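The structure under discussion appears below in the form of structure tokens.
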2 protein chains.
Amino acid sequence: MAGTDAALPSLELVARSCLCRRVQHASRAIGKRFDDAFRPVGLNNWQFTLLMAVTAEAGPTVNQIAAELGMDRTTATKNLRILERRGLIEMRVDAQDRRIRRSALTAEGQQVLQAALLRWRQVNDAVGGSLRPEQLASLNAALETIAQA
Amino acid sequence: MAGTDAALPSLELVARSCLCRRVQHASRAIGKRFDDAFRPVGLNNWQFTLLMAVTAEAGPTVNQIAAELGMDRTTATKNLRILERRGLIEMRVDAQDRRIRRSALTAEGQQVLQAALLRWRQVNDAVGGSLRPEQLASLNAALETIAQA
DNA sequence: GACTATTGGGTGGATATACACCTAATAGAG
DNA sequence: CTCTATTAGGTGTATATCCACCCAATAGTC
């Protein structure tokens, strides 16, 4: 309408084109789907991701895990502690540099992760399958671009 | 490697192709960008989205807002209460059906939202501009598909 | 070796999110 | 009109997330 600042975008435009809202909405939805899939093995989606990150390298540090997942370091600290309390991972001080704490899966953690992998593939295939192959590839590239900002 | 269960996906494959992890990573990154943009006006990204949802319809209910944003109803309740405490919105019981609570922006809420709109456009354009136009369109479609699951 | 800067990490607080469970108001069946 | 089902919503709990601030260990300088 006239009378409002012409420099301001209309509310309809914002609601339609807000990337933040779209990504957050999708994030909640996909997180819930993976939570449901992992519930029988007692994990949620980020715990699965964290277990994966712990196994990805040899004894990754808190900082390495946080950087890899793009989360705040203190968030990684607190989430790792929960997995540690449940006995799925171990954190131990590095021998050379005593500031550093390195993570590793316990035997139980490996078992839980193995049990989760089949469920992961099912739900990941299901979600990916709802997109056309070229759309999935484009989505991955776009998400990576956004994540690196 | 041979020796592991052939039915299990390799850890490398999982790390590379996990849609949940990618979406969550992008969600954290973009949320942080919008948080930074809105910080000068005292909002964060979801508060902005919530204010937008409150103005989108005439006096939307808690359920309507939660459905529109794909968030849990109880999450909407608690987030709305924070905006209410700050005096940015008002919740009032519907005259016809006293179970229903309808939301509306206060004058201060409108001012804050107006101040945020310019910042929104800057950061939304910046993020969208890092993608090619057809990639952005494809991203929007893919995110909507995922959100509707 | 002492002083300072850098780095790895933790704590406390505010808010974000969802689940299990609950209350209150309305709607519908008889 | 009463009883029950449905619907709108809230509370408590556990965990997720980030920020401001802190501590301890190492590295670098002299």
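Below, each value reflects all heavy atoms present in this structure, side chains not excepted, and no hydrogens, waters or symmetry copies. No experiment lies behind these values; they were computed from the predicted model shown. Throughout, protein chains are lettered first and strands after them, A, B, ... in sequence-line order, and every chain is numbered starting at 1.
Two residues, A/Gln47 and A/Gln96, neighbour DNA chain D, and the one matched to the more 5' nucleotide by heavy-atom proximity is A/Gln47.
Between the CG atom of A/Asp35 and the P atom of D/dA14 there is a distance of 17 Å, rounded to whole Å. As rounded to whole Å, 10 Å separates atom P of C/dA18 from atom CG of A/Asn45. The separation between A/Asp97 atom CG and D/dG28 atom P is 12 Å, rounded to whole Å. C/dT15 atom P lies 14 Å from atom CG of B/Leu50, rounded to whole Å. C/dT15 atom C1' lies 14 Å from atom CG of B/Leu43, rounded to whole Å. Atom CG in B/Asp72 sits about 15 Å away from atom P in C/dC21, given to the nearest Å. When rounded to the nearest whole Å, the span between CZ of B/Arg99 and C1' of D/dT6 equals 8 Å. In this structure, B/Phe34 atom CZ and D/dT17 atom P are separated by 19 Å, rounded to whole Å.
Comparing C/dA25, D/dC18, C/dT15 by their nearest atom to the side chain of B/Asn44 picks out C/dT15. Comparing atom distances between the B/Arg98 side chain and each of C/dA18, D/dA25, C/dA25 picks out C/dA25 as nearest. In the set D/dA8, C/dT6, D/dC19, D/dC19 carries the atom at the smallest distance from any side-chain atom of B/Asp36.
Looking at residues 19-32 of chain A, you'll see that no heavy atom sits under 4.0 Å from any atom of DNA chain D. For the segment residues 55-65 of chain A, the set of residues with a heavy atom within less than 4.0 Å of an atom of DNA chain D is empty. Near-neighbour residues of DNA chain C inside residues 73-95 of chain B, defined by a heavy atom below 4.0 Å, number-ordered: B/Thr74, B/Thr75, B/Lys78, B/Asn79, B/Ile82, B/Arg85.
Counting only residues at least two apart or in different chains, salt bridge (charged side-chain N to carboxylate O under 4.0 Å, His left out) contacts with residues 60-74 of chain B comprise A/Arg21-B/Glu68. For residues 135-149 of chain B, the salt bridge (charged side-chain N to carboxylate O under 4.0 Å, His left out) pairs, not counting sequence neighbours, are A/Arg22-B/Glu144.
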Inset, instruction - Using the side-chain hydrogen bond (donor to acceptor under 3.5 Å, both in side chains) rule, take A/Gln135 and B/Ser138 through it: C-alpha gap first, then chi angles, then the decisive distance, then the call. - result: CA-CA 6 Å; A/Gln135 201 177 18; B/Ser138 174; 4.5 Å; no
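A/Asn79 and A/Gln47 form no side-chain donor-acceptor contact under 3.5 Å, judged by distance and modelled atom types alone. Between the side chains of B/Asp35 and B/Asn45, a donor-acceptor pair is found at a separation under 3.5 Å.
Atoms CZ and CG, from A/Arg33 and A/Asp36 in turn, are 9.0 Å apart once rounded to the nearest 0.5 Å.
A pairwise comparison of heavy atoms in A/Ser17 and B/Asn124 identifies O-ND2, 3.0 Å as the closest pair. The two atoms that bring B/Ser27 and A/Gln24 nearest to each other are OG-OE1, 2.7 Å, heavy atoms only.
Not counting sequence neighbours, B/Asp125 has no partner by the salt bridge (charged side-chain N to carboxylate O under 4.0 Å, His left out) test.
The backbone N or O of A/Leu69 lies less than 3.5 Å from a partner atom in the side chain of B/Arg28, making a donor-acceptor pair.
The shortest side-chain heavy-atom distance between B/Val54 and B/Leu80 falls under the 4.5 Å cut-off.
Both B/Met71 and B/Met91 are part of a single hydrophobic cluster, where members link through side-chain heavy atoms under 4.5 Å apart.
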